[in-house]
Structure formats: structure tokens, C-alpha cells
Trainee: 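Please see the structure below; I have some questions.
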Amino acid sequence: MDLRAHQQRQLLRKEVRNRRQQLSNDEQQQASLDLCATLISQPKIQAAKTISLYLANDGEISLEPFIDWCWQNNKAVYLPVIHPFSPGNLLFLHYSQATHLIANKYNILEPKLAVTDVLPLAQLDVLIAPLVAFDRQGNRLGMGGGFYDRTLSSWHKGKIQQSLLPIGVAHNCQLLDSIPNQHWDIPLPEIITPSKQYHW
Ligand SMILES: Nc1ncnc2c1ncn2[C@@H]1O[C@H](COP(=O)(O)OP(=O)(O)OP(=O)(O)O)[C@@H](O)[C@H]1O
Ligand SMILES: [Mg+2]
């Protein structure tokens with residue numbers, strides 16, 4: 001692959017990850033409350049029965065207030081788990097208050113793998129995706145594993161039900177003028193920050 005493009009993407013990741021790591025606890029908390037209030041107000045989220053999301057790490061915006069709302073409103077919540085045999089792919093496992101979490105190889109907490117807790121992607125109504133940076137066209141730069149690009153490729157190609165709504169979420173400071181996209185990158189149809197909602 002193009003080495004310069006790769007290096008450019010790595011530099012952008014580093015810059016934006018630094019920015020969000022430098023947010024104060026108060027800024028993090030306020031951002032999370034604002035973002036979660038917007039999420040809760042979305043008709044498609046209110047109508048959803050199954051929602052996958054993530055546990056914040058590395059300065060990512062926290063979804064904790066939203067997770068509590070989901071549990072109180074009978075939404076089934078799922079977390080991504082690294083696939084044990086299919087490299088670079090994710091599984092979505094049920095997440096309840098009783099779920100025991102274990103750190104994966106990236107030190108991200110995930111539910112213990114149990115086949116009965118796995119939900120096929122096609123049965124998710126909403127997939128909330130973390131990201132490192134985004135632009136005003138809906139382009140997304142992640143942590144560099146390609147996990148969400150692989151996950152969303154079947155959705156993007158129309159191979160699974162189109163009622164799945166992927167929503168990217170981020171701090172305001174993660175917006176860049178442009179993202180140097182690669183052909184495998186899947187743009188998001190919707191991105192929500194604490195102060196703005198982008199829709200394509
Ligand atoms: N659909 C796909 N099939 C095969 N390989 C893929 C696919 N999507 C991405 N990849 C590979 O994954 C690697 C990382 O991709 P990329 O740099 O876009 O990660 P990212 O979008 O930042 O990460 P993530 O999606 O995990 O947040 C690339 O080398 C790319 O070749
Ligand atoms: Mg990508």
C-alpha cells in the first residue's frame with residue numbers, strides 16, 4: 001500500500017488522539033452528557049430494539065449515560081468483541097449489568113465470548129461506531145485495525161438489511177478538514193458530536 005498515505009493517516013491519528021486525551025475530566029463529562037442527550041432524542045434510537053456501542057478508551061467520548069438509558073428502556077445492548085478465528089473481524093455480544101468484562105489484547109474491555117450471547121450483524125438496529133477523526137463528508141479514520149470497515153462492508157454493499165443504522169460519535173475536536181481515504185474505508189451515514197449532528 002501507499003507508504004505516504006499510510007504515514008499521513010498515522011500522523012493524523014496521533015494528532016487527534018492527543019487532542020482528545022488532553023480534554024479535562026469536566027470537559028469529558030459535559031461532552032458525554034450532551035452527546036448522550038442527542039442520542040436519546042433520535043427517533044431511530046427510540047425505535048431500536050438492538051444497539052451496539054463501545055466502552056470509552058483512549059479519551060473517546062463516554063457513552064455511560066446512554067448505556068444506562070438503554071438498559072432502563074429495554075434496549076438490548078451489544079459490545080464488539082475481537083473475533084477469535086477470523087482476523088480483523090468483530091462479533092457483537094450481549095452486554096447487561098451482569099456481564100463480566102475481560103480486557104482484550106488492546107486492553108479494551110469486552111464480554112467473555114459465549115456463542116449464545118452473539119448477535120448477527122443483520123439483527124442490529126443501530127451500530128454506534130467509535131472513531132479517531134472524521135470530516136464533513138462522513139469519512140472516518142479509526143484506530144487503524146480496519147475492524148469497523150470490515151464490519152460495515154457487507155452493510156455498505158447492501159448484503160445485509162439496510163435498516164441497520166451506523167452512527168459515528170466523537171468529540172467536536174475530532175473533526176478534520178479532510179480525511180485521506182483509502183478504497184476500503186466505509187463512510188458513515190451519520191455522525192453525532194456534543195454540539196452538532198451530521199447527516200449524509
Ligand atoms: N473490508 C476489508 N477487507 C479486508 N481488509 C480490510 C478491509 N477494510 C480494511 N481492511 C484493512 O484493514 C487495515 C486497516 O484499515 P484502516 O487503516 O482503514 O483502519 P481504521 O478504519 O482506522 O480502523 P477501524 O475500522 O478498526 O476503526 C488496512 O490495512 C486494510 O487493508
Ligand atoms: Mg478505515
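If you read the sequence from its start, that first residue is 1, and numbering goes on from there. We count ligands from 1, going down the list as the structure has it; atoms in each ligand are counted the same way.
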Trainee: Is a side-chain N or O of Asp68 found less than 3.5 angstrom from the main chain of Trp71, in a donor-acceptor match?
Mentor: no
Trainee: Ignoring waters, how many N, O or S atoms from the protein are under 2.8 Å from the Mg ion (ligand 2)?
Mentor: 2
Trainee: Measure the distances from the heavy atoms of His6 to every atom of ligand 1 and state whether one is below 4.0 angstrom.
Mentor: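 His6 does not count as a contact of ligand 1 under the 4.0 Å cut-off.
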Trainee: Counting from 1, what ligand 1 atoms have a heavy atom of Arg13 closer than 4.0 Å?
Mentor: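 Selected atoms, number and element: 16 (P), 17 (O), 19 (O), 20 (P), 22 (O).
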Trainee: Using the test side chain to side chain donor-acceptor pair (under 3.5 Å), find all partners of Thr38 that sit at least two apart in sequence or belong to another chain.
Mentor: none
Trainee: Is there a donor-acceptor contact under 3.5 Å from the side chain of Asp149 to the main chain of Phe147?
Mentor: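 No; judged by distance alone, with no hydrogens or angles, the pair does not exist.
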Trainee: In this structure, are over 12 heavy atoms from other groups packed under 6.0 Å from Gln29 atom CD?
Mentor: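 No, not enclosed.
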Trainee: Side chain of Ser62, backbone of Ala56: donor and acceptor closer than 3.5 Å?
Mentor: no
Trainee: Report, in ascending order of atom number, the atoms of ligand 1 lying under 4.0 Å from any heavy atom of Arg9.
Mentor: 16 (P), 17 (O), 18 (O)
Trainee: Could you establish whether Met143 and ligand 1 come within less than 4.0 Å of each other, counting only heavy atoms on the residue side?
Mentor: yes
Trainee: Once you restrict to heavy atoms under 4.0 Å, what part of Asp185 touches ligand 1? Side chain, backbone, both or neither.
Mentor: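 Near ligand 1, Asp185 shows its side chain, while the N, CA, C and O stay back.
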Trainee: Going by an N to O cut-off under 4.0 Å, is there a salt bridge joining Arg20 and Asp58?
Mentor: yes
Trainee: Taking side chain to side chain donor-acceptor pair (under 3.5 Å) as the definition, give me every residue that meets it alongside Asp117, ordered by chain and number, with sequence neighbours left out.
Mentor: none
Trainee: Only heavy atoms count here, so choose which of Gln182, Arg140, His183 is nearest to atom 27 (O) of ligand 1.
Mentor: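 Ranked by closest heavy atom to atom 27 (O) of ligand 1, first place is Arg140.
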Trainee: Under 4.0 Å from a heavy atom of Gly145: give me the atoms of ligand 1 that qualify, with their elements.
Mentor: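 Counting from 1, the qualifying ligand atoms are 12 (O), 14 (C), 19 (O), 23 (O), 26 (O).
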Trainee: With sequence neighbours excluded, tell me which residues meet side-chain contact (heavy atoms from CB on, under 4.5 Å) with Tyr148.
Mentor: Pro80, Leu90, Leu127, Ala129, Pro130, Arg140
Trainee: Any ion pair linking Asp185 and Arg9 (charged N to carboxylate O, less than 4.0 Å)?
Mentor: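 Answer for the salt bridge query: yes.
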Trainee: Between Gln174 and Val132 (side chain of the first, backbone of the second, donor and acceptor by atom type, cut-off under 3.5 Å), is there such a pair?
Mentor: yes
Trainee: Select the closest option to atom 6 (C) of ligand 1 among His156, Lys157, Arg150, Gln10, judged by heavy-atom distance.
Mentor: Arg150
